[in-house]
There are 2 protein chains.
Amino acid sequence: MTTLGYAILGLLSRETLSGYDLTRRMGEQVGYFWSARHSQVYPELARLEAEGYVTHSVVEQRERPDKKVYEITGTGLAALREWVTEPARPRPTRDELVLKAYSVWLADPAEAARLFREAASRHEGQLERYEEIEGWMKREWAEDLGRPGSPRFASYATLRRGLGYEREYAAWCRWLADALEGIR
Amino acid sequence: MTTLGYAILGLLSRETLSGYDLTRRMGEQVGYFWSARHSQVYPELARLEAEGYVTHSVVEQRERPDKKVYEITGTGLAALREWVTEPARPRPTRDELVLKAYSVWLADPAEAARLFREAASRHEGQLERYEEIEGWMKREWAEDLGRPGSPRFASYATLRRGLGYEREYAAWCRWLADALEGIR
DNA sequence: GTACGTTATGTAAATTTTTACATATACTAG
DNA sequence: CTAGTATATGTAAAAATTTACATAACGTAC
């Protein structure tokens, strides 16, 4: 099983979804920790089905093209549950912007500062979107956020990671932009 | 040009290095923002040389096998300098541990808490190593850390990113482990 | 009625990355 | 003297990911 397979099972353990829906989730809810294009999702669904982790049924629609709705099987749920507590082998972090920072001494400081200020804005924007979701969760899901057995708790946990990640990233970009412009 | 190519040029803009040295750097200094195996480094060096970004000379050694020492060319340096301030297209963040957190509601909370506490320890360990380097840099490189035109400033900038990343990641792991064990 | 956007599902090709295969020198520890 | 480790450089195969190709139904705006 691939990590992408577990990403898909993780989504299907919460609700039934089509390949199209899954692809959208990969760029939204799950987007800040895993992602995939539809060209990866469809073949992976076929593989998961061949191995008995999911099944599908065709849903005919009147106002839209028909779709295949996928559902996780007992086997799939068991595999997912087991995978969760298995230690993850550390994958290398790759970040092109930090790589640029490593060679920033070669660039014009003012031009470079612009680059990092723009990045700061992007991460602050994402942070604000996450903060809105957090506010919404705390209002609507209040009781569930303390229950480790609830999927809402898990959603909140990953959101917390997104919040921390964006906050820290934005602060670093601002610090670097300031330093490049000689602001102490 | 690939991002890996710029990663290599970024290292060669500071010092001449062999393919073997470059591979080690990819797992150390540059490790917390880019990495590559030697099977990627050697072919990439050949490509960079074919395109005129680097040159090499064979250095004969008595106590070790001979090596090819690579040097960046004027063309290479110009390309690197230009790349630094070009906006980086955002790549998706993929993190298996956060993906596991998304499905943590299916697992035994105590077992899951163990997983995240172990991860917290790993990130705290890395943080400590970075903090030691930071202390060393502040002592030894004090004058350079305020000069955006110095490679030491750039090294410090990337280290700052590593520090923030590990600190935030470790805190999140601890928070999640606590929450899983019902600690408010 | 036609151009565009959304929904919907796939395949093909290219690129990137990882894992495995392959070889060779020289030092050190047992 | 032999096994292991570090240095040193490559290639081959597999896996993962991205980009491009390809099609089709249906609704809306012009």
Side-chain angles (χ1 to χ4, degrees), chain A residues 1-8 11 16-28 30-31 33-51 54 56-70 88-96 99, chain B residues 1-8 11-12 16-28 30-31 33-51 54-70 88-96 99:
Chain A
M1 269 282 286
T2 64
T3 305
L4 173 61
Y6 289 112
I8 290 173
L11 287 164
T16 61
L17 293 164
S18 68
Y20 185 78
D21 296 330
L22 281 162
T23 303
R24 280 195 308 182
R25 295 287 190 292
M26 290 282 173
E28 291 164 17
V30 200
F33 52 89
W34 208 266
S35 80
R37 308 295 175 90
H38 77 273
S39 60
Q40 245 188 315
V41 170
Y42 289 112
E44 185 65 32
L45 279 170
R47 229 172 300 151
L48 288 171
E49 187 156 44
E51 285 164 35
V54 302
H56 85 268
S57 52
V58 176
V59 174
E60 281 169 52
Q61 295 181 117
R62 271 168 216 165
E63 306 191 341
R64 285 170 197 180
D66 296 355
K67 62 178 175 180
K68 293 184 182 177
V69 172
Y70 286 85
R89 46 181 183 177
R91 290 161 155 258
T93 311
R94 288 193 178 86
D95 188 319
E96 199 169 335
L99 192 65
Chain B
M1 271 281 286
T2 64
T3 305
L4 173 62
Y6 289 112
I8 291 173
L11 287 164
L12 291 179
T16 61
L17 292 164
S18 69
Y20 184 78
D21 295 330
L22 281 161
T23 303
R24 280 194 309 182
R25 295 287 191 291
M26 291 282 173
E28 290 164 17
V30 199
F33 51 89
W34 208 268
S35 79
R37 308 294 175 90
H38 78 274
S39 60
Q40 245 187 315
V41 170
Y42 289 112
E44 185 64 33
L45 278 170
R47 228 172 301 150
L48 288 171
E49 186 155 45
E51 284 164 35
V54 302
T55 53
H56 85 265
S57 52
V58 177
V59 173
E60 282 170 52
Q61 296 181 117
R62 271 170 215 163
E63 307 191 340
R64 283 169 198 182
D66 296 354
K67 63 177 174 179
K68 293 184 183 179
V69 173
Y70 286 85
R89 44 180 185 178
R91 288 159 157 260
T93 312
R94 288 192 177 86
D95 189 319
E96 199 169 334
L99 193 64

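Values in this document were obtained by computation on a predicted structure and should not be read as measured data. The chains referred to below are lettered A, B, ... by the order of the sequence lines, with proteins before strands, and numbering in each begins at 1.
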Looking only at heavy atoms, what is the nearest atom pair of [X] and [Y], with distance?
{"X": "B/R37", "Y": "B/T23", "answer": "C-CG2, 4.1 Å"}
{"X": "B/R94", "Y": "A/S35", "answer": "NH2-O, 2.8 Å"}
{"X": "A/P43", "Y": "A/Q40", "answer": "CD-O, 3.4 Å"}
{"X": "A/L4", "Y": "A/W34", "answer": "CA-NE1, 4.1 Å"}
{"X": "B/V41", "Y": "B/G19", "answer": "CG1-O, 3.8 Å"}

To the nearest 10 degrees, the angle between the two end axes of the helix from C/dG1-D/dC30 to C/dG30-D/dC1 (five pairs per end) comes to 20°
Please walk me through it: do B/L12 and B/L22 pass side chain to side chain contact (heavy atoms under 4.5 Å, CB included)?
CA-CA 9 Å; B/L12 291 179; B/L22 281 161; 4.3 Å; yes
| said: Below the 4.0 Å mark, does D/dA20 have OP1 or OP2 next to a side-chain nitrogen or oxygen of A/R37? | reply: no
Is any side-chain N or O of B/R91 closer than 4.0 Å to OP1 or OP2 of D/dA16?
no
For A/Q61, the side chain to side chain donor-acceptor pair (under 3.5 Å) test, sequence neighbours excluded, returns none
Between [atom2] of [N] and [atom1] of [X], the distance in whole Å:
{"X": "B/R94", "N": "D/dA16", "atom1": "CZ", "atom2": "P", "result": "12 Å"}
{"X": "A/L4", "N": "C/dT16", "atom1": "CG", "atom2": "C1'", "result": "16 Å"}
{"X": "A/R89", "N": "D/dA15", "atom1": "CZ", "atom2": "C1'", "result": "10 Å"}
{"X": "A/R25", "N": "C/dT7", "atom1": "CZ", "atom2": "P", "result": "12 Å"}

Enumerate all atom pairs, one protein N or O and one N or O from nucleotides 2-11 of chain D, separated by less than 3.5 Å.
residue : atom : partner : partner atom : Å
D/dT7   : OP1  : B/R24   : NH1          : 3.1
D/dT7   : OP2  : B/Y20   : OH           : 2.7
D/dT7   : O5'  : B/Y20   : OH           : 3.3
D/dA8   : OP1  : B/Q61   : OE1          : 3.3
D/dA8   : OP1  : B/Q61   : NE2          : 2.8
D/dT9   : OP1  : B/K68   : N            : 2.7
D/dT9   : OP2  : B/Y20   : N            : 2.9
D/dT9   : OP2  : B/Y42   : OH           : 3.0
D/dG10  : OP1  : B/K68   : NZ           : 2.6
D/dG10  : OP2  : B/K68   : NZ           : 3.4
D/dG10  : N7   : B/H38   : NE2          : 3.3
D/dG10  : O6   : B/H38   : NE2          : 2.6

Only one of A/E49, A/E44, A/E51 passes side-chain hydrogen bond (donor to acceptor under 3.5 Å, both in side chains) with A/R47, and that residue is A/E44
Among C/dT16, D/dT18, D/dT17, the one nearest any side-chain atom of A/W34 is D/dT17
